[in-house]
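Chain letters run A, B, ... following the sequence lines, proteins first, then strands; residues in each count from 1. Side chains included, hydrogens not; waters and symmetry mates left out as well; all remaining heavy atoms used. Keep in mind it's a predicted model, so treat the numbers as computed, not measured.
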Number of protein chains: 2
Amino acid sequence: MGRRATTRRIGIADVALKAGVSHATVSRVMNGNFTVDPTIAERVRAAATELNYQPNPVGRSLALGKTDTIGIVVPDLSNPTFQAILRGLSMAAAQDGYRVLIADSSEVSSEEAILAGEARRRCDGLVLCAPRMADAELEELAPSLQPMVLINRTTVDTHTPSLMVDYGQGIQELAEHLVGLGHTRLAFLAGPARSASNGLRLAGLAKFTAAHPGIELQMLDGGSTFEAGHQSVDAVLASGATGILAFNDLVAMGLLSGLHERGIRVPDDMSVTGFDDIPFARYTTPTLTTAAVPITELGQQAWHRMRDLIRQVPSDAPAGGPTVFEPKLEVRSSSGTAPATN
Amino acid sequence: MGRRATTRRIGIADVALKAGVSHATVSRVMNGNFTVDPTIAERVRAAATELNYQPNPVGRSLALGKTDTIGIVVPDLSNPTFQAILRGLSMAAAQDGYRVLIADSSEVSSEEAILAGEARRRCDGLVLCAPRMADAELEELAPSLQPMVLINRTTVDTHTPSLMVDYGQGIQELAEHLVGLGHTRLAFLAGPARSASNGLRLAGLAKFTAAHPGIELQMLDGGSTFEAGHQSVDAVLASGATGILAFNDLVAMGLLSGLHERGIRVPDDMSVTGFDDIPFARYTTPTLTTAAVPITELGQQAWHRMRDLIRQVPSDAPAGGPTVFEPKLEVRSSSGTAPATN
DNA sequence: ACGCTCCGAGAAAACGCTTTCTCACAATTC
DNA sequence: GAATTGTGAGAAAGCGTTTTCTCGGAGCGT
């Protein structure tokens with residue numbers, strides 16, 4: 001049986017009693033069913049407002065088989081990129097009367113599957129944001145998580161809409177941009193190894209080096225955070241490169257800060273680029289050249305795909321391939337002409 | 001009746017059938033009730049794993065009268081402060097097996113009450129984060145939202161734990177710091193009028209001016225965002241002040257950026273301070289002097305208060321007054337000795 | 001005036017689970 | 001060996017809704 005006899009929340013039965021009708025009728029009125037006599041409907045409505053009745057969503061969910069809630073799993077809620085996606089998702093979903101339940105895997109890829117499952121069972125759908133798990137695991141998990149939308153990953157089956165960012169293209173454009181400014185010695189501050197988007201960047205850079213044999217490109221280990229960027233100052237300086245491609249804006253900002261402490265002038269002595277165009281990128285000193293990804297729009301789009309999935313009958317046509325977002329080169333003041341070779 | 005006959009999710013009945021027992025027994029086994037014969041328990045467990053059975057949380061919630069979920073209402077999810085609180089809350093709650101449902105009021109104070117109510121009904125408790133609504137409304141709403149934890153606001157009744165930051169003290173310390181550096185003309189870039197924390201800052205500054213008759217302090221309209229800070233450059237320059245107290249770190253960063261564009265050197269020509277110590281404050285150029293608020297800890301503490309509320313019987317002793325967090329002056333490079341008067 | 005259809009509202013089943021109640025059977029006691 | 005206690009599992013009620021089913025009564029046609 002249920003819980004103890006606290007001051008019971010007022011329920012549909014109370015309204016029914018007060019209005020002198022059955023629960024069924026109250027339910028009908030609350031849901032705008034017009035087969036109810038206007039007189040009675042009014043009586044019910046009066047009773048409801050007087051008792052300040054609010055339907056219990058849990059009971060409702062059980063009966064309806066839906067929760068009007070979607071879940072999102074992110075690897076790290078402290079990353080502005082994921083925060084922005086979450087925000088876009090949340091705002092867009094709210095527009096349609098849906099709520100968002102969050103789950104942070106703290107970059108622990110082994111937790112993702114459990115978290116995703118738990119969240120999914122409580123919700124009508126799931127957005128999996130840049131999952132760190134292996135392809136095989138994702139593939140195996142996907143069917144049980146449907147309806148689901150992927151961000152920055154794909155599955156082979158076409159049931160799962162996927163939102164991708166063309167990091168490869170973006171990083172190439174950044175590299176080209178630096179080359180256009182006369183830089184011949186570049187360095188890439190790589191991100192987390194498990195990150196699929198890091199892989200895409202590497203692939204893009206491979207294409208780039210193939211197309212520019214004369215350009216030197218060093219690979220430096222980094223990370224995805226401020227601290228990572230800040231700590232890589234020494235490695236960057238040791239590399240001798242004059243054009244630095246940071247994994248993302250956060251890393252670039254950390255680097256900028258470290259360089260400033262060392263008295264290295266940006267962009268006079270060295271050029272630095274980021275990736276993502278987080279809101280802060282516009283306000284660093286100097287302002288950050290980056291590849292702009294429409295991150296909040298990504299979240300918003302994720303909801304729209306999800307909404308389509310939820311609304312139509314399951315037996316729907318596959319969504320086709322992933323939607324690919326092209327980053328847009330955003331030239332600001334952290335990149336400039338290469339210093340004269342000494 | 002329930003929903004249509006899709007490929008029904010597998011439920012407790014299926015397990016019961018497969019194991020040749022009643023649902024009751026399955027439920028007992030799943031909940032670790034030891035009054036079940038080990039042989040049968042094993043059989044049930046086998047059936048459950050074979051069918052990959054996972055209890056439906058909605059049914060469970062209805063029967064148990066709890067959802068293992070808490071809600072949080074924030075005024076603006078794009079504000080790093082609220083993001084950090086959300087993160088702290090989410091991580092701490094996850095530790096105890098609770099999930100977080102988010103609601104963003106988009107700074108629309110009239111929406112807060114509805115959002116809060118909706119979220120509360122779906123959850124076991126609610127964290128109201130810096131609500132913009134009027135005192136009277138908050139007071140009226142509070143009883144129906146219990147259990148609830150407030151951040152940056154209080155109610156007169158002591159049932160609602162409240163987490164406060166002593167913005168008044170913090171801003172005074174920042175002002176004193178600037179005075180200590182020789183600044184005699186200060187300006188405060190105010191935040192949103194509806195923000196209670198802005199009120200606290202103003203009160204603190206009132207004390208400050210009372211204690212320092214010789215110091216000039218101008219009040220400038222600002223906001224709470226980058227853009228606000230960036231746009232106030234003209235007003236700041238026009239004020240003639242050399243020490244600027246920004247409403248928060250975001251505003252300070254926007255201002256920093258604007259000043260840099262104008263060629264104003266910080267801190268040589270002008271000192272700028274923020275508030276909150278968001279992670280970015282450490283990596284601006286120059287690094288930002290600010291008053292550090294333990295924001296993620298705030299979220300974490302909010303969960304702990306909530307947990308206490310949820311765990312013990314309702315008839316508990318009042319939590320006492322609000323918990324007050326003292327900001328800590330964090331001197332970095334954006335503040336320096338006042339320029340020589342010309 | 002009789003029967004037929006239609007309409008509106010109550011009764012009851014269903015959603016998926018937990019938990020009390022109940023009872024059959026085995027084990028203990030005198 | 002009969003009465004008694006104990007134990008373990010099924011039956012059923014309950015959580016708060018929605019929705020189908022059902023049925024009484026009003027309205028209509030012939």
**Message:** Near DNA chain C, counting only heavy atoms under 4.0 Å, which residues of residues 37-52 of chain B show up?
**Reply:** none
Return all side-chain donor-acceptor pairs below 3.5 angstrom for residues 108-115 of chain A, not counting sequence neighbours, or 'none' if the list is empty.
| unit_1 | atom_1 | unit_2 | atom_2 | d |
| --- | --- | --- | --- | --- |
| A:E112 | OE1 | A:R132 | N | 3.0 |
| A:E112 | OE1 | A:M133 | N | 2.9 |
| A:E112 | OE2 | A:R132 | N | 2.8 |

**Asked** Could you state the CZ-P distance from A:R122 to C:dG16, rounded to the nearest angstrom?
**Response** 16 Å
**Prompt:** So which of residues 22-30 of chain A are in contact with DNA chain D, with a heavy-atom cut-off of under 4.0 Å?
**Reply:** A:A24, A:S27, A:R28
**Prompt:** Between D:dT17 atom C1' and A:Q54 atom CD, what is the distance in whole Å?
**Reply:** 15 Å
**Pairs satisfying ring-ring contact (aromatic ring centres under 6.0 Å, His included), at least one member in residues 94-130 of chain B, at least two apart** = B:Y98-B:W303
**Request:** Rounded off to whole Å, could you give me the CZ-to-P distance for the B:R60 and D:dC15 pair?
**Result:** 18 Å
**Asked** Choosing from D:dT19, C:dC17, C:dT19, which nucleotide comes nearest the side chain of B:Y53?
**Response** C:dC17
**Interatomic distance, B:L62 CG vs D:dT18 C1' [rounded to whole Å]** = 13 Å
**Rounded distance (nearest 0.5 Å) linking atom CG of B:D104 with atom OG of B:S78** = 7.5 Å
**Complete:** Whole-Å distance, A:D68 CG to D:dT18 C1', equals 14 Å
**Message:** Atom CD of residue position B:Q146 - does it have more than 12 heavy atoms of other residues, nucleotides or ligands inside 6.0 Å?
**Reply:** yes
**Request:** Could you tell me whether the side chain of B:L126 reaches within less than 4.5 Å of the side chain of B:I70, counting heavy atoms only?
**Result:** no
**Request:** Without swapping roles, check the side chain of A:N31 against the backbone of A:N33 for a donor-acceptor pair under 3.5 Å.
**Result:** no
**Complete:** Whichever of B:F34 and A:N31 has the more 5' nearest nucleotide on DNA chain D, that residue is B:F34
**Item:** N/O donor-acceptor pair under 3.5 Å between A:R99 side chain and A:D68 backbone
**Value:** yes
**Asked** Who are the side chain to side chain donor-acceptor pair (under 3.5 Å) partners of A:Q300, not counting sequence neighbours?
**Response** none
**Request:** Looking at every strand, decide which applies to B:V21 at a 4.0 Å heavy-atom threshold: base, sugar-phosphate, or nothing.
**Result:** sugar-phosphate
**Prompt:** Is there a donor-acceptor pair under 3.5 Å between the side chain of A:T25 and the backbone N or O of A:V21?
**Reply:** no
**Request:** Could you state the atom-to-atom distance from CD1 of B:I12 to P of C:dC15 in whole Å?
**Result:** 14 Å
**Asked** Between D:dT17 atom P and A:I10 atom CD1, what is the distance in whole Å?
**Response** 8 Å
**Request:** For A:V36, answer base if it contacts any base atom (sugar-phosphate contacts may also be present), sugar-phosphate if it contacts only those atoms, and nothing otherwise; contact means non-hydrogen atoms under 4.0 Å.
**Result:** sugar-phosphate
**Fill in**
B:N56 atom CG is separated from C:dA14 atom C1', nearest whole Å, by 14 Å
**Message:** Angle between the end axes of the helix from C:dA1-D:dT30 to C:dC30-D:dG1, five pairs per end, to the nearest 10 degrees?
**Reply:** 60°
**Message:** I'd like to know whether CD of A:E42 has more than 12 heavy-atom contacts from other residues, nucleotides or ligands below 6.0 angstrom.
**Reply:** yes
**Request:** Starting at SG of A:C129, measure out to CZ of A:R153 and round the result to the nearest 0.5 Å.
**Result:** 11.5 Å
**Request:** Verify the neighbour count for atom NE2 of A:H304: are there more than 12 heavy atoms of other residues, nucleotides or ligands below 6.0 Å?
**Result:** yes
